[in-house]
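Just so it is clear: chains get the letters A, B, ... in the order the sequence lines come, proteins before strands, and each one is counted from 1.
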Amino acid sequence: MPQTTIYVSPRSFGRPDARPPAVETTELARLFAGSAALAGVTLRVEGGRSVALLGPNGAGKTTLLRVLATILRSSYGSARVDGLDVVRDADLVRERVAYLSHATGLYDDLTARENLHFAAALLGTEEPAARVERALLDVGLGERADDRVRGFSAGMRRRLALGRILLGRASVVLLDEPYAALDRDGMGLVDRLLAAWKEVGVTVIVASHATDRLTGLLDGTVTLDRGLVTAVSGAGVTSVAPTLGGTRAPAPEAIR
Amino acid sequence: MNGLRTEARVAMAIARKDAVAELRGRHATVSTLFFAAVVLLLFGFALGPDARRLAEAAPGLLWLAIVFAGILAVNRLHLLETDDAALEQLALYPVARRAIYAGKALGGFAVMLVLGVVVLGAVGILFAVDIASAWLPLLSTVILGAMGIAAVGTFYAGVTVRMRAREVMLPLLVLPVLAPLLLGAVRATAAALAGDPFGELGAWLQLLVAFDLIMLMAGAATYGFLLED
């Protein structure tokens, strides 16, 4: 696969000192059938930083990303993206957030190019034709652009979903296991995307088990366990959590 | 104005996407047309060979076939959004929720219109009804009826799309709501076929217009809640 320089549309974030935290959650909790997937997460990620969300299965990583993406509502607490409340200002938050979930949200009966053209129409992408072609090349699907997605492998679908993110102008990118199903080239693509977003000041939060791969690519890490923040490290990310000696967040038992 | 133009563009993009997927996959049209044909034939057999009786029953049979098949069609169009969590992705786009509803309803309307015209033609042939002399009021009735079924069906397909028993639940929810539309469409069709001797066609068409407007506005105002988890 040719290694193109990935095109990420430039963003204007204003003066660095005037930029609100990219993500700010306060005592964020989400219950599923009485069980707490998030049990009081207080977290702050500075704008332009790249942060890994780590933790075992069931730690709450995906739930946190879905609340930030406005797909899930929190049960308690609050979350803000670029200073906007994810519930009250959900429409505005969706203009600022891009989310790659486990599912790709693609249409099987459309080709790769048609899927991206559809996304470009809904994202309001300027010069959509050129941007779609560029995104297809950037994710290594230029030669398969006219093939229906129904015949794509899981890795190819993932690449196309990453290409869809390139069409928008998100200031916060949320990636849930972005390396899943990708081959070595695909993993390299994710690495290059992370670098490209960092270069233009986009905040990236990556939930992943690929800790070795992410070392050196990101600014900081947040470790979750059973819905609570158990550790933070690196630059641009802070948390207040019981295990870190800060303000006490409700334990899972307390909010059930 | 600019916002409305953007919403219209989004709605058209969604409807176009549904149309392309439908033309490729033929998930809705083939199965629903076949279903409508079977419904008409079975009703025809049940009523017997009496041509006059069949002609009298034609308006009711036409709309029962369109409504039953239409519910199937709208459901199929919504199932496109369940592939690989496409509905969730649709909800993530920074667009007005009513534009998403409008797009899905427009796609449903297009399929319903094709269905309605084909079924109308089939009724004309099978039940020996003269549809050519009243084609304009009949076409108007089919357009208004298709719009109403698409408006209601799109909303309730959004309600049931995440349910396991959606194929059962959708008709149960939709059919009672469609009762006024069924009444108006059947009476308008009967009036049109009879040459409108009592001058009632206009009133029934007005009922259909009012039904469509109310359902479209209600659907546009509430569809966004269905996209939330």
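- Proximity to chain B is absent for every atom of A/Ala98, based on heavy atoms less than 4.5 angstrom apart.
- Each of A/Thr104, A/Asp183, A/Asp138 was scored for a side-chain hydrogen bond (donor to acceptor under 3.5 Å, both in side chains) with A/Arg159, with one residue passing: A/Asp183.
- When only modelled atom types and interatomic distance are considered, A/Trp197 and A/Ser50 share no side-chain donor-acceptor pair under 3.5 Å.
- When heavy atoms are compared at a cutoff of 4.5 Å, B/Arg24 approaches chain A by way of both its backbone and its side chain.
- If you look at B/Tyr101 and B/Phe155, their ring centroids are not closer than 6.0 Å.
- For B/Arg16, no part lies under 4.5 angstrom from a heavy atom of chain A.
- For B/Glu167, the side-chain contact (heavy atoms from CB on, under 4.5 Å) test picks out B/Asn75, B/Leu79, with sequence neighbours left out.
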Distance-only donor-acceptor pairs under 3.5 Å for side chains of residues 206-223 of chain B, two or more places apart:
| unit_1 | atom_1 | unit_2 | atom_2 | d |
| --- | --- | --- | --- | --- |
| B/Asp212 | OD1 | B/Gly148 | N | 3.2 |
| B/Thr222 | OG1 | B/Ala218 | O | 2.7 |
| B/Tyr223 | OH | B/His78 | NE2 | 2.9 |

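- Looking only at heavy-atom pairs under 4.5 Å with chain A, the residue among B/Leu87, B/Val10, B/Ile14, B/Leu23 that has the most is B/Ile14.
- Only the side chain of A/Arg157 has a heavy atom closer than 4.5 Å to any heavy atom of chain B.
- Only the backbone of B/Ala91 comes within contact range of chain A, with heavy atoms under 4.5 Å apart.
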